Student: 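Okay, here's the structure, questions in a sec.
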Amino acid sequence: MNERSYAITPRRQEDYPQWYQEVVKAADLAQNAPVRGCMVIKPWGYGIWENIQKELDVRFKATGHKNAYFPLLIPLRFLEKEAKHVEGFAKECAVVTHARLEVNEHGRLVPADPLEEPLIVRPTSETIIGEMFSLWVQSYRDLPILINQWANVVRWELRPRLFLRTAEFLWQEGHTVHATQAEAQQHARKMLDVYTDFCRNFLALPVIPGRKPPTERFPGADDTLTIEAMMQDRKALQAGTSHFLGQHFSKASNIQFLDAQGQQQYAWGTSWGMTTRLIGALVMTHADDDGMVLPPRIAPAQVVILPIIPKAADAPAVMEACQALKLRLEALSYAGRPLGVELDARDLRSGPKTWEWIKKGIPIRIEIGPKDLEAGVVSLYRRDQEPKARQTLSTDALVGTLLDLLDAMQAGLLEKAQALRDTHTVEIDDLAALYAFFSSDTQIHGGFAAIHWNGDPAHWDRLAQDLKVSPRCFPFDRSYEPGKCIFTGEFSAERMIVARAY
RNA sequence: CGGGGCGUUGCAUAGUCUGGCUAAUGCGCCUGCUUUGGGAGCAGGAGAUCGCAGGUUCGAAUCCUGCCGCCCCGACCA
């Protein structure tokens, strides 16, 4: 029996990185820009980002945050205020040094009018927002301040990949200051929980929330919390982070307040962010060898209606039925928004048109042709089933069951992703077994290994070099027993998840 | 930023070593005819200053120099 052909070449098990790039291209999500390391996010990809924004924004507002906007350009001296922050970001900053262009003798434009103080393009906004917070805070009655910013940031990454690591990316960055350490710590955790819930229930990403070991912390944080997702090649992807900043940035920016006892105190900070990387996570979690597979709740549109017009004479009746169905479906509400319905009336052959929508990952395709009209039905295809698996049902039945069907598909994607993650998450207590877990002739192997480790970096370095793994997190929601360090046999209170990572 | 590979039409490639007809092929695009419940067939057509800038030469996609960009593997990172 011949295997059917697939829309994406190569397939996942043949060349996973190449497959990823082909899916991004075939689904028309984004393409490389004529600017080093930067991407153009195309309408279908940006539609996903818009839905991410809408949904997250509702959750941020529900937890008491307001949106605000701070400058793209930050004076260099602001970055210098926090030593660890400098260490972490100095190497990847784009710097603005001139204020003007001049035409030189060869007719070329050259920078002129050097700035007295260079500006950096924000790689993150702790320093500039901290500066403003210091002006906004005087009394404990001013606290907490809960701010979110939707913005772009620039980090001059050395090896860009569409969505996963680009020189410029879109994100939200939450920044808060609080009167007490406990409140700030709780807040950092609360926002991580918001992220976890959002990923599970909206993106169908079964992430593992946890705490980073000290070596993996955000530059300038006292504690970094993370959500870690497993991709289909079993590598880890950090899908979001939330930091407890202690008083580092308060001291750097002088965010002080008088407490109820009349004492000057430094405020306690948090910051947390999610980025367009999430779109990469969606691709690597849900897409298959035919292209993108979108969880219905995040899809820019849930349904595409494809008119089937074998003969020109059929066109009026078919198009009328398609329009009527579009109006009926658009009256439905799904995931808190009107149902997204595309009617693809382009004058193209239906075969290529169908494959285009399969590759874009739209959850439901509805075909209406003369035979359907005659029989009083529509033909329905699900993206989570084979491309030619057709169901026929009446329009009324479709309208009546569609929302439940979308929910079922959403749940199915989460279950599938979770099953993959659980299958490849193992507790390992023996060094040889750990090496075996991350060694194989096949390209896709390994997964998440939960190990005991006493925290001594010396042992870790060898492991990282041999296996190319990194510490991911100490997970919150696992009840791992205490045990013995995999290197030394010493007592270890909790297991840490290690994996290869993006 | 280190090692390796590569830039030829919208996309994928041949041609480069050994300089020489009008830069070729497939897909895609446009037109026409035939098809039509599944990525159509035939015919015709449009589309490339061969990544950029210099140089060598009677002559450069091809040789030389510099720069830019992309991909893979490292180190770094959301």
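Small disclaimer: the values here were computed from a predicted structure and weren't measured.
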Student: Would you say whether A/Trp171 stacks on B/A78? The test is a distance between ring centres of less than 5.5 Å and an angle between planes of less than 30°.
Tutor: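 Taking the rule of under 5.5 Å and under 30°, the ring of A/Trp171 does not stack on B/A78.
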
Student: Give the rounded distance in Å between these two atoms: CZ of A/Arg472 and C1' of B/A78.
Tutor: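 Interatomic distance, CZ of A/Arg472 to C1' of B/A78: 11 Å.
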
Student: Using a cut-off of 4.0 Å on non-hydrogen atoms, how would the nucleic acid contact of A/Thr392 be classed: base, sugar-phosphate, or nothing?
Tutor: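 The answer is nothing, as A/Thr392 stays clear of every strand by at least 4.0 Å.
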
Student: Give one of base, sugar-phosphate or nothing for A/Gly37, where a contact means two heavy atoms less than 4.0 Å apart.
Tutor: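 Sugar-phosphate contact only.
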
Student: If we call it a pair only when both distances are under 3.5 Å in a Watson-Crick or G-U wobble match, what pairs with B/C76?
Tutor: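 Across all strands, not a single nucleotide pairs with B/C76.
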
Student: If we call it a pair only when both distances are under 3.5 Å in a Watson-Crick or G-U wobble match, what pairs with B/U16?
Tutor: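 Partner of B/U16: none.
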
Student: Under the salt bridge (charged side-chain N to carboxylate O under 4.0 Å, His left out) test, which residues partner A/Arg383, sequence neighbours left out?
Tutor: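 A/Asp288.
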
Student: Please list, chain by chain and in numerical order, all residues satisfying ring pair (Phe, Tyr, Trp, His ring centres under 6.0 Å) with A/Phe89, sequence neighbours excluded.
Tutor: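 For A/Phe89, the residues satisfying ring pair (Phe, Tyr, Trp, His ring centres under 6.0 Å) (neighbours in sequence not counted) are A/His85, A/Phe218.
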
Student: Let's see if you can work this out: which of B/A78, B/C77, B/G39 has an atom nearest to the side-chain heavy atoms of A/Glu92?
Tutor: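 Nearest to the side-chain atoms of A/Glu92, counting from C-beta on, is B/C77.
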
Student: Using whole Å, what does the distance between atom C1' of nucleotide B/C30 and atom CZ of A/Arg349 come to?
Tutor: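 Taking atom C1' of B/C30 as the reference, CZ of A/Arg349 is at 17 Å.
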
Student: Categorize A/Gly273 for me: base, sugar-phosphate, or nothing, with a 4.0 angstrom heavy-atom threshold over every strand shown.
Tutor: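 Result for A/Gly273 = nothing.
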
Student: Please tabulate, for the side chains in residues 160-170 of chain A, all donor-acceptor contacts under 3.5 angstrom to protein atoms that are two or more places apart in sequence or on a different chain.
Tutor:
residue, atom, partner, partner atom, Å
A/Arg165, NH1, A/Arg159, O, 3.0
A/Thr166, OG1, A/Glu168, O, 2.8
A/Glu168, OE2, A/Asn152, ND2, 2.8

Student: Counting just side-chain N and O atoms, does A/Lys468 come under 4.0 Å of either OP1 or OP2 of B/G74?
Tutor: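 Result: yes.
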
Student: Could you tell me if the side chain of A/Cys93 sits less than 4.5 Å from the side chain of A/Trp156, heavy atoms only?
Tutor: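 The answer is no, as the side chains (C-beta and beyond) never meet within the 4.5 Å cut-off.
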
Student: Taking salt bridge (charged side-chain N to carboxylate O under 4.0 Å, His left out) as the definition, give me every residue that meets it alongside A/Arg189, ordered by chain and number, with sequence neighbours left out.
Tutor: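 Only A/Asp193 meet the salt bridge (charged side-chain N to carboxylate O under 4.0 Å, His left out) criterion with A/Arg189.
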
Student: Categorize A/Gln21 for me: base, sugar-phosphate, or nothing, with a 4.0 angstrom heavy-atom threshold over every strand shown.
Tutor: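 Sugar-phosphate contact only.
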
Student: Quick check: closest heavy atoms across A/Trp44 and A/Ala27, and the distance to 0.1 Å?
Tutor: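 Taking every non-hydrogen atom into account, CD1-O, 3.4 Å.
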
Student: A/Asp289: what forms a salt bridge (charged side-chain N to carboxylate O under 4.0 Å, His left out) with it, not counting sequence neighbours?
Tutor: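 Partners of A/Asp289 under the salt bridge (charged side-chain N to carboxylate O under 4.0 Å, His left out) test: A/Arg11, A/Arg12.
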
Student: Taking a pair as Watson-Crick or G-U wobble with both distances under 3.5 Å, which nucleotide is matched to B/C11?
Tutor: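 Paired with B/G26.
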
Student: Would you confirm whether the ring centroid of A/Trp272 sits within less than 6.0 angstrom of the ring centroid of A/Phe60?
Tutor: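 Close enough - the centres of the two rings lie under 6.0 Å apart.
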
Student: What parts of residues 226-239 of chain A reach RNA chain B, counting only heavy atoms under 4.0 Å away?
Tutor: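 Correct list: A/Gln238.
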
Student: For A/Phe133, what residues pass the ring pair (Phe, Tyr, Trp, His ring centres under 6.0 Å) criterion, not counting sequence neighbours?
Tutor: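 With sequence neighbours excluded, A/Phe133 shows a ring pair (Phe, Tyr, Trp, His ring centres under 6.0 Å) to A/Trp136, given in chain and number order.
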
Student: Categorize A/Pro370 for me: base, sugar-phosphate, or nothing, with a 4.0 angstrom heavy-atom threshold over every strand shown.
Tutor: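 Since a base atom lies under 4.0 Å of A/Pro370, the category is base.
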
Student: Throw together a table of side-chain donor-acceptor distances under 3.5 angstrom for residues 205-212 of chain A, partners on residues two or more places apart or in other chains.
Tutor:
residue, atom, partner, partner atom, Å
A/Arg211, NE, A/Asp223, OD1, 3.4
A/Arg211, NE, A/Asp223, OD2, 3.1
A/Lys212, NZ, A/Glu228, OE2, 2.9
A/Lys212, NZ, A/Gln238, OE1, 3.3
A/Lys212, NZ, A/Arg472, O, 3.0

Student: With both distances under 3.5 Å as the test, what is the Watson-Crick or G-U wobble partner of B/C21?
Tutor: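 By the stated definition (distances under 3.5 Å), nothing pairs with B/C21.
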
Student: Scan nucleotides 3-12 of chain B nucleotide by nucleotide, 5' to 3', and note B when protein non-hydrogen atoms come under 4.0 Å of the base, S if they reach only the sugar-phosphate, - if neither.
Tutor: ----------

Student: Can a donor-acceptor pair under 3.5 Å be found between the side-chain atoms of A/Arg165 and the base atoms of B/C77?
Tutor: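 Side chain to base: pair present.
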
Student: Whole angstrom is fine here: how far is it from CZ in A/Arg122 over to C1' in B/C77?
Tutor: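 Taking CZ of A/Arg122 and C1' of B/C77, I get 19 Å after rounding.
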
Student: Could you check, using the six-membered ring where one of them is a Trp, whether A/His187 and A/His65 have ring centers closer than 6.0 angstrom?
Tutor: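 A/His187 vs A/His65: aromatic centres under 6.0 Å.
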
Student: So what does A/Ser350 touch, heavy atoms closer than 4.0 Å: a base, only the sugar-phosphate, or nothing?
Tutor: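 Base, at least one base heavy atom under 4.0 Å.
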
Student: Tell me, which of residues 297-315 of chain A have any heavy atom that sits under 4.0 Å from an atom in RNA chain B?
Tutor: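 Listed by number, they are A/Ile308, A/Pro310.
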
Student: Heavy atoms from C-beta onward define the side chain here; which of B/A78, B/G39, B/G37 lies closest to that of A/Arg390?
Tutor: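 Closest of the options to the side chain of A/Arg390: B/G37.
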
Student: Tell me which nucleotide among B/C72, B/A78, B/G39 gets nearest to the side chain of A/Arg277.
Tutor: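 Looking only at heavy atoms from C-beta outward on A/Arg277, the closest nucleotide is B/A78.
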
Student: Please state the P separation for the pair B/C30 and B/U57 - nearest whole angstrom.
Tutor: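 About 48 Å, rounded to a whole number of Å.
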
Student: Return the pairing partner of B/G32 with a 3.5 Å limit on both distances, Watson-Crick or G-U wobble; otherwise return none.
Tutor: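 Matched B/G32 with B/C42 under the 3.5 Å cut-off.
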
Student: If B/G59 has a Watson-Crick or G-U wobble mate with both distances under 3.5 Å, name it; if not, just say none.
Tutor: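 Base-paired to nothing in any strand shown.
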
Student: Mind running a 4.0 Å heavy-atom check of residues 372-379 of chain A against RNA chain B and sending the residues that fall below it, in number order?
Tutor: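 Heavy-atom contacts with RNA chain B come from A/Asp372, A/Ser379.
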
Student: Under the salt bridge (charged side-chain N to carboxylate O under 4.0 Å, His left out) rule, collect the residues that match up with A/Glu386, sequence neighbours excluded.
Tutor: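 Once residues adjacent in sequence are excluded, the partners of A/Glu386 under the salt bridge (charged side-chain N to carboxylate O under 4.0 Å, His left out) criterion are A/Arg4.
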
Student: With a 3.5 angstrom cut-off on both distances, give the Watson-Crick or G-U wobble partner of B/C50, or none if there isn't one.
Tutor: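 Per the H-bond distance test, none.
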
Student: What's A/Tyr195 touching, base or sugar-phosphate or nothing? Going by heavy atoms closer than 4.0 Å.
Tutor: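 Counting heavy atoms under 4.0 Å across all strands, no contact is made by A/Tyr195.
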
Student: Any side-chain heavy-atom pair from A/Arg500 and A/Phe438 closer than 4.5 angstrom?
Tutor: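 Yes; the side chains approach each other to less than 4.5 Å.
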
